[in-house]
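Working notes, beginning with the structure itself.
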Amino acid sequence: MHPHLERVLVTEEEIRNRTAQLGADIARDYADKNPLFIGILKGACMFIADLVRAVEIPLEIDFMAISSYGASSKSSGVVRIMKDLDRPLEGRHVVVVEDIVDTGLTLAYLRDVLVHRRAASVKIAAIFDKPGGRSVDITPDYCGFTVPNEFIVGYGLDHAERYRNLPYVGVLKREVYEH
Ligand code: 5GP
């Protein structure tokens, strides 16, 4: 385990198994719909890469980058599109692929944007859900793991850009982010 972690929450094997299940669920729900998977950078990079390989139907991939926590561990509530989609999405069945839903502000905003652009449907796949942090009413349609209201890193999730490459997810020691 990385020395900056207090404990491991979800192992590499658990992530692999759960992602395979989610992929099978999505493949069943979207057969013949040629869904557009939108990965939210940077946190969802690991998850979207693993997820789409488990969705064995024709699909397309695009990415958006939106402002999030920055170097702090508190949500600012400010959401800004830093990188937009390459192609229009009118009429497309969209699966937004996100790392974690905390307050829900990011996804609530994004969902409204995509609906406004006339996607045929918008669903959310999040590998982690932190319902204890919620401030708006939003629930991922496909959820990997429910996690406690603590600051976690690994599998794409960072603190000040570090730890994204850990293949598992753990709780960061408080002294590391309170410096
Ligand atoms: P929300 O808008 O739902 O509060 O926050 C969503 C974003 O905040 C996530 O995409 C993620 O980038 C960041 N975030 C929320 N909780 C955590 C956490 O426990 N650890 C890390 N590293 N990022 C988090």
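Counting starts at 1 for both ligands and their atoms, in listed order.
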Exercise for the section: Pick whichever of Ile100, Thr106, Leu9 has a heavy atom sitting closest to atom 2 (O) of ligand 1. Expected result: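 Considering heavy atoms of Ile100, Thr106, Leu9, the nearest to atom 2 (O) of ligand 1 sits in Thr106.
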
Handout entry: Heavy-atom nearest neighbour of atom 20 (N) of ligand 1 within options Leu157, Val171, Ile152
Key =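 The nearest heavy atom belongs to Ile152.
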
Exercise for the section: Verify salt bridge (Lys or Arg N to Asp or Glu O under 4.0 Å) between Asp84 and Arg87, making sure each step is shown before the conclusion. Expected result: CA-CA 9 Å; Asp84 210 332; Arg87 299 176 61 184; over 6 Å; no

As an exercise, identify every atom of ligand 1 less than 4.0 angstrom from a heavy atom of [X].
X      : result
Phe151 : 18 (C), 19 (O), 20 (N), 21 (C), 22 (N), 23 (N)
Glu98  : 10 (O)
Asp158 : 21 (C), 22 (N)
Lys130 : 16 (N), 17 (C), 18 (C), 19 (O)
Glu150 : 19 (O)

Handout entry: Intermediate values then yes/no, salt bridge (Lys or Arg N to Asp or Glu O under 4.0 Å), Arg28 and Glu56
Key = CA-CA 9 Å; Arg28 193 194 53 229; Glu56 295 175 354; over 6 Å; no

Practice task
Verify the ring-centre separation between Phe151 and Tyr177: is it less than 6.0 angstrom?
Solution key: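 Between Phe151 and Tyr177, which both carry aromatic rings, the centre distance is below 6.0 Å.
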
Handout entry: Short N or O distance, Gly104 and ligand 1, threshold 3.5 Å exclusive
Key =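 Between Gly104 and ligand 1 (N or O atoms, distance only) the closest approach is under 3.5 Å.
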
Exercise for the section: Please determine, by modelled atom types, if Asp50 and Tyr155 share a side-chain donor-acceptor pair under 3.5 angstrom. Expected result: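 Yes.
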
Problem - Salt-bridge present (Glu161, Lys42; N to O < 4.0 Å) - result: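 Between Lys42 and Glu161 there is a salt bridge, with a charged N closer than 4.0 Å to a carboxylate O.
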
Handout entry: His159 to ligand 1, any heavy atom closer than 4.0 Å
Key =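 His159 does not count as a contact of ligand 1 under the 4.0 Å cut-off.
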
Problem - Per-residue contact class, Asp99 against ligand 1 - non-hydrogen pairs under 4.0 Å - result: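 Under 4.0 Å from ligand 1, Asp99 contributes side-chain atoms alone.
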
Handout entry: Pair listing, ring-ring contact (aromatic ring centres under 6.0 Å, His included) test, anchored in residues 4-42, at least two apart
Key =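 Qualifying pairs, neighbours excluded: His2-His4, His4-Tyr163.
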
Practice task
Find out if a path of hydrophobic residues (ILVMFWY) with successive side-chain heavy-atom gaps under 4.5 Å connects Val8 to Leu157.
Solution key: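 No, it is not one cluster - the side chains of Val8 and Leu157 are not joined through contacts under 4.5 Å.
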
